Each structure stands twice: as structure tokens, then as C-alpha cells.
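Note sheet for the following structure.
This is a predicted model, so every value here is computed, not measured. Chain naming here is simple, since letters A, B, ... match the order of the sequence lines and numbering starts at 1 in each.
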Amino acid sequence: MTWQPNKLEQERLEKAQQLSAQQVELYPARVARTHSANAAIQAFEAQEATGDTVSVIVCGRIRRINLKGKISFMHIEDESGRVQLMLRANDLDEKVYDLVKDKLIDMDDFVEAHGTMMRTKAGEVSVQTSALRLLSKSLSPLPVIKQQVNDDGTITEYGEFTDKETRYRQRYADLAVNHEVRQVFVKRAKVISAMRRFLDNEGFLEVETPILQPIYGGAAARPFTTFHNQLEQELYLRISFELYLKRLLVGGYDAVYEIGRDFRNEGVSFKHNPEFTQMEFYKAYTDYRGVMDLVERMVESIALAVNGTTQAQFKGQAIDFTAPWKRITLRDAIRENSGIDYMEYRDAESLTQALHQIGDQVERGQTWGKLVDHLLSKYVEPKLIQPTFLLDYPRDISPFAKRVTYDDFHVERFEIFCAGMEMGNAFTELNDPIDQEQRFMDMKRLYEDEDDEAAPLDEDYLRAMRFGMPPCGGFGMGVDRLTMLLTNQPSIRDVLLYPHLRDEQQ
RNA sequence: GGCCUUGUAGCGCAACGGUAGCGCAGCUGACUUUUAAUCAGUUGGUUGAAGGUUCGAAUCCUUCCAAGGUCACCA
């Protein structure tokens with residue numbers, strides 16, 4: 001794609017040429033910043049009473065220009081915020097002031113300003129600028145957003161850059177212009193660091209396991225496939241970390257976790273992206289009830305670190321992460337919300353009929369497990385707004401979980417739901433290698449019945465388990481979705497810097 | 001993949017089938033404490049793409065492209 005400058009860009013190219021003709025360096029290498037914008041203002045406010053001079057060199061992108069003849073004002077912005085430059089013809093080299101007056105230095109350029117801090121008549125702390133230097137010439141203008149600071153300190157913005165496609169494709173422009181978008185990704189970083197801090201403090205060891213895997217597993221999803229040329233080996237991008245992490249418990253670690261990227265070759269939606277960030281942990285000598293307590297505390301501590309409160313607003317709903325969260329069995333939740341007790345219909349045929357009786361036209365030929373899952377996602381999931389543990393899932397949709405003690409149909413598994421979304425999944429991990437092998441076989445048969453691609457059987461995982469795996473609980477959580485909740489962003493794309501989009505067409 | 005909605009100047013938006021317009025930005029000029037600065041003037045368009053209907057299409061029809069939403073798929 002070759003660049004076709006539009007009219008505005010053409011004008012800027014001409015300005016760049018004029019600057020070069022005047023021996024002004026467009027992209028100098030050396031910078032001499034002493035203060036961030038915010039630090040400069042703070043330093044002045046700290047000294048204001050004594051009247052001492054505060055000399056600064058500040059750098060940033062020009063976000064506002066107000067030319068007023070022989071005096072001009074600019075706002076420059078760095079990551080810390082904005083600071084105003086007051087530029088007087090008297091204070092500056094004449095040639096430099098002309099660059100400003102002739103608009104050869106204009107909006108979106110990066111500049112370096114030398115000067116002393118002062119307060120203007122209108123009361124704004126500013127840099128009385130004695131020298132101004134271009135740091136980087138902007139050839140493509142950013143969308144213009146004007147800001148008005150209200151009496152109560154809030155900021156009203158005029159002009160918008162809202163087209164979602166352009167914002168996602170050109171995230172750099174989105175970030176440069178939309179301050180609140182920058183804030184979202186600051187919070188995202190805090191989510192991850194708070195999560196890591198919590199787990200480290202709980203004695204977990206952070207590990208890294210392969211992304212390129214010869215056998216994918218740990219979830220039911222289609223993988224992305226790739227190929228290693230030299231080894232002539234087909235490889236898959238991981239769909240979960242589960243099986244590799246649990247092998248480490250065989251190796252003798254008591255508690256491990258990983259935060260990283262999973263890849264699933266499935267549909268894209270407001271809560272699905274082909275690559276997404278997952279956290280999984282596994283902890284020996286506990287079970288899914290122990291995991292519940294841990295997860296409640298973890299999410300509480302993350303919410304506090306990110307927002308200073310365990311309350312959150314998401315899509316206009318108030319969400320309260322304060323522990324303890326509601327706990328209800330899947331069976332009860334489905335019975336309460338659909339009127340169907342799936343334990344009264346223990347095969348696919350009769351459960352399908354029961355669904356038809358309540359007016360649900362599910363297709364015939366689905367497995368019993370899938371029908372239960374359908375009941376969950378259609379009748380229960382949308383109603384679970386506050387964080388809720390749904391416990392005890394049917395065995396044949398949960399191949400890695402240990403049986404409950406009270407019957408043969410259910411396993412010790414929970415999922416967390418919040419704001420109508422699945423947020424996490426946990427088991428009392430199955431550590432019986434004979435039972436595990438049987439479950440793999442059962443799953444394989446189920447998938448073959450459905451003419452679906454069978455999940456490959458991971459012999460090495462069974463080999464590991466045969467050495468003995470301690471009883472343990474495991475947990476996985478979508479970091480992107482948690483970030484959505486804590487930043488009140490309605491789509492996963494809004495918490496991913498570079499969400500997946502189709503190829504840009506010429 | 002199905003259905004619904006959208007696509008007009010750099011950005012945000014108007015225009016009944018009848019001359020494509022407004023605000024901001026841009027450009028020219030004025031202004032030494034402005035802050036959505038103000039004032040005067042002014043440039044900018046193959047209306048997402050390609051066909052079709054019509055005397056006449058941004059507007060109606062068809063196909064395609066892209067995005068958003070929704071459903072399906074997604075333990």
C-alpha cells in the first residue's frame with residue numbers, strides 16, 4: 001500500500017519542506033527533558049508560595065494552538081497529561097516565533113520547550129517559553145478533539161473520533177486522541193499485575209508452557225494449525241494451558257500459574273477474540289471449594305487494585321465483587337430458571353422432548369451434555385448478573401473433573417458467571433489415570449457420534465498422571481472479560497489493543 | 001454463515017427521487033494573558049465499489065466490500 005497524501009497531508013509535507021529549507025531538523029535524535037507535563041505543574045505549585053523560579057524542559061505532542069498575534073499559547077501533552085506553553089514574541093528567538101506564527105509548527109507535532117513556570121492572568125499554570133524546538137513533525141493530522149475544563153473539574157470534549165473500525169485498525173490514533181481509551185489499557189495492566197501479585201503472595205510459581213503444541217487439549221475448541229518445516233511436524237497453537245500445567249504438579253510443584261495467550265479458531269463476538277488472555281492456576285492439596293475461596297479473594301483484590309472498590313458498573317448494571325459470592329448447583333439453577341430438572345430426563349431423547357414441551361425448538365440429535373449446556377446458556381447464564389458460582393456439572397461435559405461424592409452423574413466443577421458472561425471454570429482435578437483414560441475414550445466416542453473432529457488423546461498426559469498426581473484444584477479465567485467488567489467496556493475489542501479484524505481491503 | 005442497521009470532505013453529522021450542505025480542522029489576514037479564543041474571508045466531494053431503473057439517483061433495485069448489532073457456532 002503506497003501512501004496517497006490527502007490535501008491536509010500535502011499541506012504538511014510542504015511545511016516540512018519549508019522547515020528543512022530553513023535548516024530546521026524535523027526528527028532530531030537528542031532530547032533534553034527535565035520534567036513531565038504533570039511534574040512541571042507540581043513543581044511550580046510546590047514553589048509558588050516562595051516565589052522561587054522553576055526552570056523546566058518539557059516535551060510532548062501539541063494538542064491545542066491558540067495564535068494571538070505576538071503572543072500564542074499551546075497545550076502539549078505527554079503521558080502524564082497536558083501543560084500550557086505561553087509563547088511571547090519578546091521571549092523567543094524571532095525565527096522560532098515565526099515558525100509558530102506561520103504554522104510551520106502545528107497541531108500534533110512533538111516539541112521541546114525550555115522555560116520557567118508561571119501562572120497566566122487567566123490562572124493556568126504554564127511554561128513561559130524561552131526556547132522551542134521541533135522534536136517530530138506530524139505529517140498526518142489526528143482527528144481534532146477540543147476540551148473544555150468545567151468549573152467542577154470535569155472535561156467536556158467537542159469533536160469526536162468514534163468510528164469503531166478506524167479506531168480498532170488505527171489504535172495509535174485512537175489512543176493519541178481518546179484519553180479514556182488510554183486509561184482502559186492502564187487499568188488492564190493493573191488487572192494483570194494485581195493478579196500476578198496476588199498469586200505470588202499466595203505462594204504460586206509463575207511458569208511458561210508451550211504455545212506450539214503437538215497435541216492440543218484441555219478444552220473443546222478448534223485449534224489453529226501450523227507446521228514446523230525442519231521437523232516436518234504439524235503443530236497447534238494452544239487452546240488452553242491445562243494439561244501442561246497439571247503435569248508440573250506431578251513434578252513436585254504445589255502451586256503453579258500461567259498468564260498468557262490462548263488461541264481458538266472459532267467465531268468472533270463481543271466476548272470472543274481468536275486470541276485471548278487466559279490465567280490458569282493449579283494448586284495441590286485443595287479442591288474446588290478451596291479454589292472458590294481463593295478466586296473470591298483474588299478478584300476482590302484485583303478490583304480494589306484497579307478501581308479502589310469492589311463495586312463496578314457494567315453496561316448500566318451495578319456489580320458487586322465483595323465475597324462471598326452466591327453459590328448454587330447447576331441443577332438447581334436450571335430447574336429454577338427453566339422448570340426442567342434434567343435428572344428426570346437422563347437421555348438425550350427425553351430431555352429433547354422436555355425442552356419441546358416448554359416451547360424450546362432445539363434440534364434433535366444433540367447429546368445429553370450439549371442439551372444441558374443449552375439449558376444453562378439459554379435460561380440461566382443471562383440472569384446471572386452478580387458474580388455467581390454454578391457448581392456440580394454433568395460428568396460427560398467435564399472430562400477433567402473428579403466425581404462428586406453424592407452421585408455418579410456429576411463432577412466437582414464450577415463456573416463463574418457475571419454480567420451474563422462466563423468468567424471462569426474450575427475443577428477438583430481428576431487425578432486417577434485409569435478413570436482419565438476412560439473419560440478420554442468417552443469423549444472421543446461422543447465426538448465421533450457427532451461427526452465432529454475428535455480431540456486427540458494425550459498419551460503423555462496419562463503417562464505423567466500414572467506417576468501419581470496430588471489431589472488438586474484448578475482454575476481458569478478470561479482476563480479480557482474480567483477487564484471488560486472492571487473498565488465498563490462493552491466489547492472484548494475495547495480491552496484489546498489490537499483486536500482481530502479482517503484484512504484491510506484496498 | 002443467517003437476519004437487521006450503517007457507510008456522504010481529515011473528524012463529527014445534514015440533504016422528499018430534483019443545484020450535495022453545516023460545524024470543527026485546513027488555507028489567507030487581524031490580534032502580547034488565550035483556553036471549545038474571537039473576528040473577516042476562503043479551499044476542499046467520482047456520496048464504500050460495480051451494475052441497473054429513471055428525463056434526473058447520496059436517496060429506489062441487484063451484486064460485492066467493510067463495520068456494528070443479533071442469532072448460529074464456540075466444554
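Residue A/Asp102 is the one, among A/Lys271 and A/Asp102, whose nearest nucleotide of RNA chain B lies closer to the 5' end (criterion: closest heavy atom). Each of A/Gly159 and A/Lys164 was matched to the nucleotide of RNA chain B holding its nearest heavy atom; the match closer to the 5' end belongs to A/Gly159.
With both ends at atom C1', the span from B/A20 to B/A9 equals 11 Å, rounded to whole Å. The separation of B/C3 from B/U8, taken at their P atoms, amounts to 24 Å, rounded to a whole angstrom. B/U19 and B/A57 have their P atoms separated by 12 Å, with the value rounded to a whole Å. Between B/A15 and B/G1, the distance separating the two P atoms is 33 Å to the nearest Å. Straight-line distance between the P atoms of B/U5 and B/C60: roughly 11 Å, to the nearest whole Å. Rounded to a whole angstrom, the distance from the C1' atom of B/C39 to that of B/G44 is 23 Å. With P as the reference atom, B/U70 and B/G52 are 38 Å apart, rounded to whole Å. With P as the reference atom, B/A40 and B/C24 are 11 Å apart, rounded to whole Å.
Among the atoms of the strands shown, only primed sugar atoms or phosphate atoms (P, OP1, OP2) are found under 4.0 Å from some heavy atom of A/Thr162. Residue A/Leu67 is in base contact, counting any heavy-atom pair closer than 4.0 Å across all strands shown. Residue A/Tyr168 is classed as a sugar-phosphate contact, given heavy-atom separations below 4.0 Å to backbone atoms only. Among the atoms of the strands shown, base atoms are found under 4.0 Å from some heavy atom of A/Thr120. Base engagement by A/Asn66 is indicated by at least one non-hydrogen atom pair under 4.0 Å involving a base atom. At the heavy-atom level, A/Gln10 lies nowhere under 4.0 Å from the strands shown. A/Asn265 comes within contact range of no nucleotide atom at all, as no heavy-atom separation falls under 4.0 Å. Contacts of A/Asn90 with the nucleic acid, taken as non-hydrogen atoms under 4.0 Å apart, include base atoms. No contact: A/Gly217 has no heavy atom under 4.0 Å from any strand. Residue-level contact check: A/Lys101 touches neither bases nor backbone, having no heavy atom under 4.0 Å from any strand.
Partner of A/Asp174 under the salt bridge (Lys or Arg N to Asp or Glu O under 4.0 Å) criterion, chosen from A/Arg167, A/Arg169, A/Arg182: A/Arg167.
Rounding to whole angstrom units, CD of residue A/Glu280 and C1' of B/A75 are separated by 13 Å. Counting to the nearest Å, the P atom of B/C73 and the NZ atom of A/Lys378 are 11 Å from each other. The CG atom of A/Leu8 sits 15 Å away from the P atom of B/C24 (whole-angstrom rounding). Nucleotide B/A36 holds its C1' atom 6 Å from the CD atom of A/Gln148, rounded to whole Å. Taking atom CD1 of residue A/Ile62 and atom C1' of nucleotide B/U35, one finds them 16 Å apart after rounding to whole Å. Regarding A/Asp163, its CG atom lies at a distance of 11 Å from the P atom of B/A67, rounded to whole Å. The interatomic distance linking A/Leu87 (CG) with B/C31 (P) rounds to 17 Å, in whole Å. Between A/Lys146 atom NZ and B/C11 atom P the separation is 17 Å, expressed in whole Å.
Between A/Arg64 and B/A37 there is a side-chain N or O to OP1 or OP2 distance below 4.0 Å. Phosphate proximity of B/C74 to A/Lys370: present, with a side-chain N or O under 4.0 Å from OP1 or OP2. Between A/Lys15 and the phosphate of B/C27, there is a side-chain N or O to OP1/OP2 separation shorter than 4.0 Å.
Which of B/A25, B/U33, B/A75 sits closest to the side chain of A/Phe73 comes down to B/U33. Residue A/Asp373 places its side chain closer to B/A75 than to any other of B/A75, B/A67, B/C27. Which of B/A75, B/C27, B/C31 sits closest to the side chain of A/Glu242 comes down to B/A75. Checking B/U33, B/A66, B/G12 against every side-chain atom of A/Glu160, the shortest atom distance belongs to B/G12. In the set B/A75, B/G69, B/A66, B/A75 carries the atom at the smallest distance from any side-chain atom of A/Asn425. The A/Arg222 side chain lies nearest to B/C73 when the options are B/C73, B/C27, B/U34. In the set B/U33, B/C74, B/U35, B/C74 carries the atom at the smallest distance from any side-chain atom of A/His272.
For B/A75, its base sits under 3.5 Å from the side chain of A/Arg413 at one donor and acceptor pair at least. No donor-acceptor contact under 3.5 Å links the side chain of A/Asn6 to the base of B/A9. Evaluation of atom-type donor-acceptor distances gives a pair under 3.5 Å for the side chain of A/Gln84 against the base of B/U34. In this model, no side-chain donor or acceptor of A/Arg82 finds a partner on the base of B/U35 within 3.5 Å.
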Within the sub-3.5 Å range, which N or O atoms of nucleotides 42-44 of chain B have a protein N or O partner, and how far apart are they?
from  : atom 1 : to     : atom 2 : distance (Å)
B/U43 : O2'    : A/Lys7 : NZ     : 3.4
B/U43 : O2     : A/Lys7 : NZ     : 2.5

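Remark: A/Arg413 is positioned above the aromatic ring of A/Tyr393, its terminal NZ or CZ atom under 6.0 angstrom from the ring centre and at most 45 degrees off the axis. Under a cutoff of 6.0 Å and an axis angle of 45°, A/Arg247 and A/Tyr461 do not form a cation-pi pair.
Judged by distance alone, the side chains of A/Gln148 and A/Thr156 never bring a donor and an acceptor atom under 3.5 Å apart. In summary, the side chains of A/Glu242 and A/Tyr244 do not present any donor paired with an acceptor at a separation below 3.5 Å, with no hydrogens or angles considered. Between A/Thr329 and A/Asp332, the side chains place a donor N or O and an acceptor N or O closer than 3.5 Å (distance only, hydrogens not considered). With no hydrogens or angles considered, no side-chain donor-acceptor pair links A/Asp458 and A/Tyr216 at under 3.5 Å. For the residue pair A/Tyr288 and A/Asp392, a side-chain donor N or O sits within less than 3.5 Å of a side-chain acceptor on the partner. For the residue pair A/Thr154 / A/Asp152, a side-chain donor-acceptor distance below 3.5 Å is found, with atom types taken as modelled.
Ring centers of A/Tyr257 and A/Phe281: at least 6.0 Å apart, outside the cut-off. Annotation: A/Trp368 is in aromatic contact with A/Tyr342 [ring centroid separation under 6.0 Å].
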Quiz prompt | Pair pattern of RNA chain B in dot-bracket, where unpaired bases get dots and | marks partners in another strand, Watson-Crick or G-U under 3.5 angstrom | solution = (((((((..((((....[..)))).(((((.......))))).....(((((..]....))))))))))))....
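Under 4.0 Å is where a charged nitrogen must lie from a carboxylate oxygen, and between A/Arg12 and A/Asp108 at least one such pair does.
Within a 6.0 Å sphere centred on NZ of A/Lys70, heavy atoms belonging to other residues, nucleotides or ligands number 12 at most.
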Practice problem: Would you please test A/Lys378 and A/Asp360 for salt bridge (charged side-chain N to carboxylate O under 4.0 Å, His left out) and show each step? | Solution: CA-CA 10 Å; A/Lys378 181 162 178 185; A/Asp360 189 324; 3.4 Å; yes
